[in-house]
There are 2 protein chains.
Amino acid sequence: MTKTIEDFKKILQEKNIRLSHQRLKVLEYLVQNKTHPSVDDIYINLQKDLPSLSKATVYNTLNMLEEVGLVNVLTIEDNENHYEITSKNHGHFKCTSCKKIYDFTLDVEEIKSTDLADFEIKERDVYFRGLCPECLDSDQDSSDK
Amino acid sequence: MTKTIEDFKKILQEKNIRLSHQRLKVLEYLVQNKTHPSVDDIYINLQKDLPSLSKATVYNTLNMLEEVGLVNVLTIEDNENHYEITSKNHGHFKCTSCKKIYDFTLDVEEIKSTDLADFEIKERDVYFRGLCPECLDSDQDSSDK
DNA sequence: TTCTTAATTTATAATCATTATAATTTAATA
DNA sequence: TATTAAATTATAATGATTATAAATTAAGAA
C-alpha cells in the first residue's frame with residue numbers, strides 16, 4: 001500500500017521528470033518523516049547530507065511533487081506550509097500549544113453536502129485545532145502546583 | 001440569529017474593548033460582505049470612506065476580533081488569510097479556477113474520529129477545493145469550440 | 001565512456017503578507 | 001472640557017515564497 005522510493009522513481013520517470021539527487025532526497029525525507037515538515041524542517045535536515053542544497057530547490061521540488069499529485073500541502077497554519085506524502089482517509093489536528101500536527105483516521109470522501117451537488121470536488125482537507133493529550137496533561141500538572 | 005452591529009457593540013463593550021470607528025467599520029464590512037474577504041479586500045474597500053485608514057489597523061482589528069471569537073480566519077489559501085464573521089455549521093469550498101470561496105452547509109460537529117478521543121477539539125475547519133458550477137460551465141463552452 | 005544539451009540547482013534578489021515600532025490621535029470617563 | 005490609556009497611523013522589519021540568471025548535472029546519443 002505505502003509507496004517506496006522505488007515506486008516514486010517509476011512514477012516520475014513515466015512522467016519524464018528527472019530523478020535528481022535533490023528530488024529523491026526530498027521524497028525520501030517525506031517518506032521517512034511522517035511529521036508534516038515545513039520547508040525549513042526539510043531544508044535544515046537535508047543540509048546535513050547535502051551541504052550545497054538550496055532552499056529554492058526544496059520549494060521547487062515540493063511544488064513539482066504537488067503538481068503531479070505525490071505530495072499534499074497543508075495550509076493548517078497561517079504562516080507556513082507543511083507537506084506530506086499524499087495518502088487517503090485522514091484528517092489533521094494541530095495542537096495550538098505544542099504546534100504538532102497529528103493525523104487522525106477519517107473517511108473524508110464520506111463528508112457530503114447537498115449544497116455541493118453541482119460542484120466538482122478535487123481535494124478535501126479537514127483541519128481540527130485544539131490541545132493534544134500531552135499538552136492537556138501538562139496543563140493539569142501546572143494547575144496542580 | 002445573525003448578529004447585528006449593535007449586538008457586536010454590546011459584546012465588545014462587555015469585554016471593555018473600545019468601539020473605535022475603524023473597528024466598527026471592519027465589523028460592518030464583514031457583516032455586509034459574506035465573501036470571505038482578505039485583508040486587502042477590506043482595506044481597499046474601507047479606504048473609500050476612511051482615507052486615513054492604515055492596513056495595520058485592519059490587521060490589528062481582525063486579530064483582536066479573532067481572539068474574542070467574533071471572527072474566524074480561513075487558511076484555505078496558502079498565501080493569504082481570509083476572514084468571516086464566526087458562524088456554525090458550514091464548510092468552505094474554494095474554486096481553483098475563479099478563486100471564489102463558497103460556504104456549504106455541513107454539521108462539522110458531527111465529524112468524529114476515535115483517534116481523537118483524548119484530544120480537546122476547539123476549532124473545526126473543512127476545506128474543499130475544485131471547480132464551481134460557473135467554472136465547470138465555462139470549461140464546457142471552451143471544449144465545444 | 002564521453003559528449004551534448006536541455007533541465008535542474010544554486011545563490012541571490014525580489015515580492016508579498018504580516019508584524020513591530022514609535023509618534024500621533026482618540027474613546028471613554030472624571 | 002480635560003485627562004489618559006488605548007488605538008491608529010506611517011513606516012520599517014520580518015519571514016515565507018517566488019523570480020532570475022549563471023553554474024551544474026541527468027540522460028540519451030555518439
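Worth saying up front: this structure is predicted, and the values here are computed from it rather than measured. Just so we're on the same page: letters track the sequence lines, and every chain starts at 1.
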Quiz item: With distance as the sole test, does B:Ser113 use its side chain to make a donor-acceptor pair with the main-chain N or O of A:Leu106 at under 3.5 Å?
Solution: no

Quiz prompt | Gap between atoms OH and P, on B:Tyr59 and C:dA17 respectively (whole Å) | solution = 7 Å

Quiz item: Closest nucleotide of DNA chain C for A:Ala56 versus for B:Asn79: which of these residues is on the 5' side?
Solution: A:Ala56

Quiz item: Once you round it to whole Å, what is the distance between C1' of C:dA7 and CG of A:Leu19?
Solution: 13 Å

Quiz item: Reckon A:Asp78 touches a base, only the sugar-phosphate, or nothing at all at heavy-atom distances under 4.0 Å?
Solution: nothing

Exercise. Could you identify which residues of residues 39-47 of chain A place a heavy atom less than 4.0 Å from some atom of DNA chain D, listed by residue number, or say none?
Key: none

Quiz item: B:Asn63 has an atom CG; how far is it from atom C1' of C:dT19, in whole Å?
Solution: 9 Å

Quiz item: B:Arg23 side chain to B:Met64 main-chain N or O, any donor-acceptor pair under 3.5 Å?
Solution: no

Self-check item: Between C1' of C:dT19 and CG of B:Asn81, the distance in whole Å
Solution: 13 Å

Quiz item: Checking ring-ring contact (aromatic ring centres under 6.0 Å, His included) for the pair B:Phe104/B:Phe128: CA distance, chi angles, key distance, verdict?
Solution: CA-CA 10 Å; B:Phe104 60 87; B:Phe128 285 4; 5.2 Å; yes

Quiz prompt | Side-chain donor or acceptor of A:Asp7 paired with backbone N/O of A:Thr4 under 3.5 Å | solution = yes

Quiz item: Given that B:Ser52 and B:Arg18 both sit by DNA chain D, which one's nearest nucleotide is further toward the 5' end?
Solution: B:Arg18

Quiz item: Looking just at side-chain N and O atoms, do A:Asp41 and A:Ser38 make a donor-acceptor pair shorter than 3.5 Å?
Solution: yes

Quiz item: Whole Å only: how far is the NZ atom of A:Lys55 from the C1' atom of C:dA11?
Solution: 13 Å

Quiz item: How many Å lie between NZ on B:Lys15 and P on C:dA28, as a whole number?
Solution: 17 Å

Practice problem: Find the distance A:Gln22:CD to C:dT8:C1' and express it as a whole number of Å. | Solution: 8 Å

Quiz item: Quick one: B:Gln13 CD to C:dA28 C1', roughly how many Å, whole number?
Solution: 10 Å

Quiz item: Is there a side-chain contact between A:Leu30 and A:Ile42 (heavy atoms, below 4.5 Å)?
Solution: yes

Quiz item: Is the backbone of B:Glu77 close enough, under 3.5 Å, to the side chain of A:Thr75 for a donor and an acceptor to pair up by distance?
Solution: no

Exercise. Pick base, sugar-phosphate or nothing for B:Ser20, based on heavy-atom distances below 4.0 Å to the nucleic acid.
Key: sugar-phosphate

Self-check item: N/O donor-acceptor pair under 3.5 Å between A:Thr61 side chain and A:Val58 backbone
Solution: no

Exercise. Identify the 5'-most and 3'-most nucleotides of DNA chain D with at least one atom closer than 4.0 Å to a non-hydrogen atom of chain A.
Key: D:dA16 to D:dA27

Exercise. Not counting sequence neighbours, list each pair that qualifies as a side chain to side chain donor-acceptor pair (under 3.5 Å) and has a residue in residues 96-106 of chain B.
Key: A:Asp115-B:Thr105, B:His36-B:Asp103, B:His92-B:Asp103, B:Tyr102-B:Glu134

Quiz item: Base, sugar-phosphate, or nothing for A:Ser38, non-hydrogen atoms under 4.0 angstrom?
Solution: nothing

